[in-house]
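FYI, side chains are in, hydrogens and waters are out, and symmetry mates aren't considered; it's all heavy atoms of this structure. The sequence lines fix the lettering, A, B, ..., with proteins before strands; numbering per chain opens at 1.
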Number of protein chains: 2
Amino acid sequence: MGYDEVMTEVRWLDAREQMIWRGFLGATGSFMEHLDRQMQRDSGMPLAYFEILAVLSEMPGRSLRMSELATMCRSSRSRLSHAVSRLEEAGWVRRRACESDKRGQFAELTEEGFKVLERAAPGHVMTVREHLFDVLTAQQLDQLDEITAAIKIGLSPQCDSAKAELRAEF
Amino acid sequence: MGYDEVMTEVRWLDAREQMIWRGFLGATGSFMEHLDRQMQRDSGMPLAYFEILAVLSEMPGRSLRMSELATMCRSSRSRLSHAVSRLEEAGWVRRRACESDKRGQFAELTEEGFKVLERAAPGHVMTVREHLFDVLTAQQLDQLDEITAAIKIGLSPQCDSAKAELRAEF
DNA sequence: ACCCCATAGTTGAACTCTAAACTAAACCGC
DNA sequence: GCGGTTTAGTTTAGAGTTCAACTATGGGGT
């Protein structure tokens with residue numbers, strides 16, 4: 001960051017851009033907070049933990065290596081490790097050693113964890129539908145899909161390293 | 001939530017809806033995390049604290065009542081109170097009693113806080129531009145604006161209470 | 001075989017956030 | 001003015017997250 005900051009002028013946000021930016025922050029922030037609160041209230045866990053259970057439930061054997069699970073949940077290894085410890089205490093997830101790689105661990109959804117997930121899912125899906133899919137037109141959903149795709153590409157590591165190299169040339 | 005859950009069938013997300021939803025989660029999650037990390041790395045504070053300083057800086061007298069500040073930052077009173085305490089320790093914000101309402105407190109940006117904000121802002125704005133405004137077309141920005149507006153309307157309290165009343169009728 | 005580095009995952013401390021209880025002042029109706 | 005209810009804000013405890021340090025295993029290269 002230092003390089004750009006010193007060498008190039010900052011292109012500040014104009015009035016319209018600020019509106020868009022604040023609108024984005026407000027909408028996504030409030031929406032995610034709403035979802036998190038719903039999950040905490042109705043199922044006693046944060047949304048992030050629900051996501052862990054949900055991802056596991058879709059895997060063959062309902063289990064996944066810790067690092068893959070971390071990637072799929074966009075979580076750091078550390079965060080996931082703590083989270084799985086808590087979920088293990090609750091009896092919803094169990095750790096299993098990996099035989100082919102003795103450093104590895106699998107996280108596996110327990111039967112009870114699956115039931116908890118089944119109970120939590122309807123309220124979650126309904127909240128998502130109510131505040132996202134029901135408030136947008138089909139066209140807007142297509143647009144949203146392309147917008148989020150573009151943002152993700154812009155954040156992808158290849159993209160970042162490409163830009164870093166570009167800078168390094170000068 | 002209980003009512004819908006018991007009385008109506010859950011409309012699960014179809015494949016396309018799941019794609020859109022996961023795309024949304026991934027993009028906004030990664031983007032916000034990226035922004036937060038940038039702020040923490042380059043200026044030693046979480047994004048939420050930067051927002052507090054930013055909002056204060058735009059107010060007349062660079063000060064604002066705690067509860068208004070909380071509203072503008074989409075923060076709970078409690079969270080804001082903690083955050084302002086930390087910012088006060090850092091010497092970037094100061095609390096002032098309100099004379100007309102003795103329960104009230106103003107949070108006021110200090111001169112040093114303003115300088116910190118000035119140093120932090122360029123990197124932040126450039127990161128926002130790089131990963132949001134530069135990756136979307138003008139048309140997509142218009143679409144994003146309308147999408148976030150719709151989401152916010154769907155989350156507004158009036159909307160929630162209206163729905164609650166609707167349910168109560170039956 | 002050995003050394004070096006990368007990878008997988010955990011841990012502990014510091015920090016942030018949440019929820020609920022709490023203090024104090026303002027407001028409201030009588 | 002008095003009692004009861006809001007409103008403003010803080011505090012406490014507990015839960016979640018981050019960062020950096022750490023253990024242990026795996027994978028080259030020589």
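- Within residues 78-96 of chain A, the residues that place at least one heavy atom under 4.0 Å from DNA chain D are, in residue-number order, A/S78, A/R79, A/H82, A/R86.
- Side-chain atoms of B/K102 lie closest to C/dA25 of the nucleotides C/dT10, D/dA8, C/dA25.
- Criterion: ILVMFWY side-chain heavy atoms under 4.5 Å apart, direct or through other members. Under it, B/M19 and A/I151 are not part of a common hydrophobic cluster.
- Going from atom CD of A/Q105 over to atom P of D/dG26 covers 13 Å, rounded to whole Å.
- At whole-Å resolution of the value, CZ in A/R65 and P in C/dT7 are 14 Å apart.
- The separation between A/Q40 atom CD and C/dT18 atom C1' is 8 Å, rounded to whole Å.
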Atom pairs, N/O to N/O, protein against nucleotides 5-7 of chain D, distance under 3.5 Å?
unit_1	atom_1	unit_2	atom_2	d
D/dT7	O2	B/R103	NH1	2.6

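- As rounded to whole Å, 13 Å separates atom P of D/dT10 from atom CG of B/D101.
- Among the atoms of the strands shown, none is found under 4.0 Å from any heavy atom of B/F106.
- B/Q38 has its CD atom 17 Å from the C1' atom of D/dT18, to the nearest Å.
- Here the CE-CD distance, from A/M59 to A/E68, works out to 8.5 Å after rounding to the nearest 0.5 Å.
- A cation-pi arrangement is absent between A/R95 and A/F106, since the terminal nitrogen or guanidinium carbon is not both under 6.0 Å from the aromatic centre and inside a 45° cone about the axis.
- Here A/R37 reaches the OP1 or OP2 of C/dA19: one of its side-chain N or O atoms lies under 4.0 Å away.
- Nearest-nucleotide mapping onto DNA chain D: of A/S75 and A/E99, the residue sitting toward the 5' end is A/S75.
- B/R62 contributes atom CZ, which lies 9.0 Å from atom CG of B/L117 (distance to the nearest 0.5 angstrom).
- Aromatic ring orientation, A/H131 versus A/H34: perpendicular (interplanar angle above 60°, classes split at 30° and 60°).
- The interatomic distance linking B/D36 (CG) with C/dC15 (P) rounds to 16 Å, in whole Å.
- In terms of modelled atom types and a separation under 3.5 Å, the side chain of A/Q140 and the main chain of A/T137 share a donor-acceptor contact.
- Note: B/L69 CG to B/S63 OG = 10.0 Å, rounded to the nearest 0.5 Å.
- Taken from OG1 in A/T127 to CE in A/M39, the straight-line distance is 7.5 Å, to the nearest 0.5 Å.
- A salt bridge links B/D145 with A/R16; the closest basic N to acidic carboxylate O contact falls under 4.0 Å.
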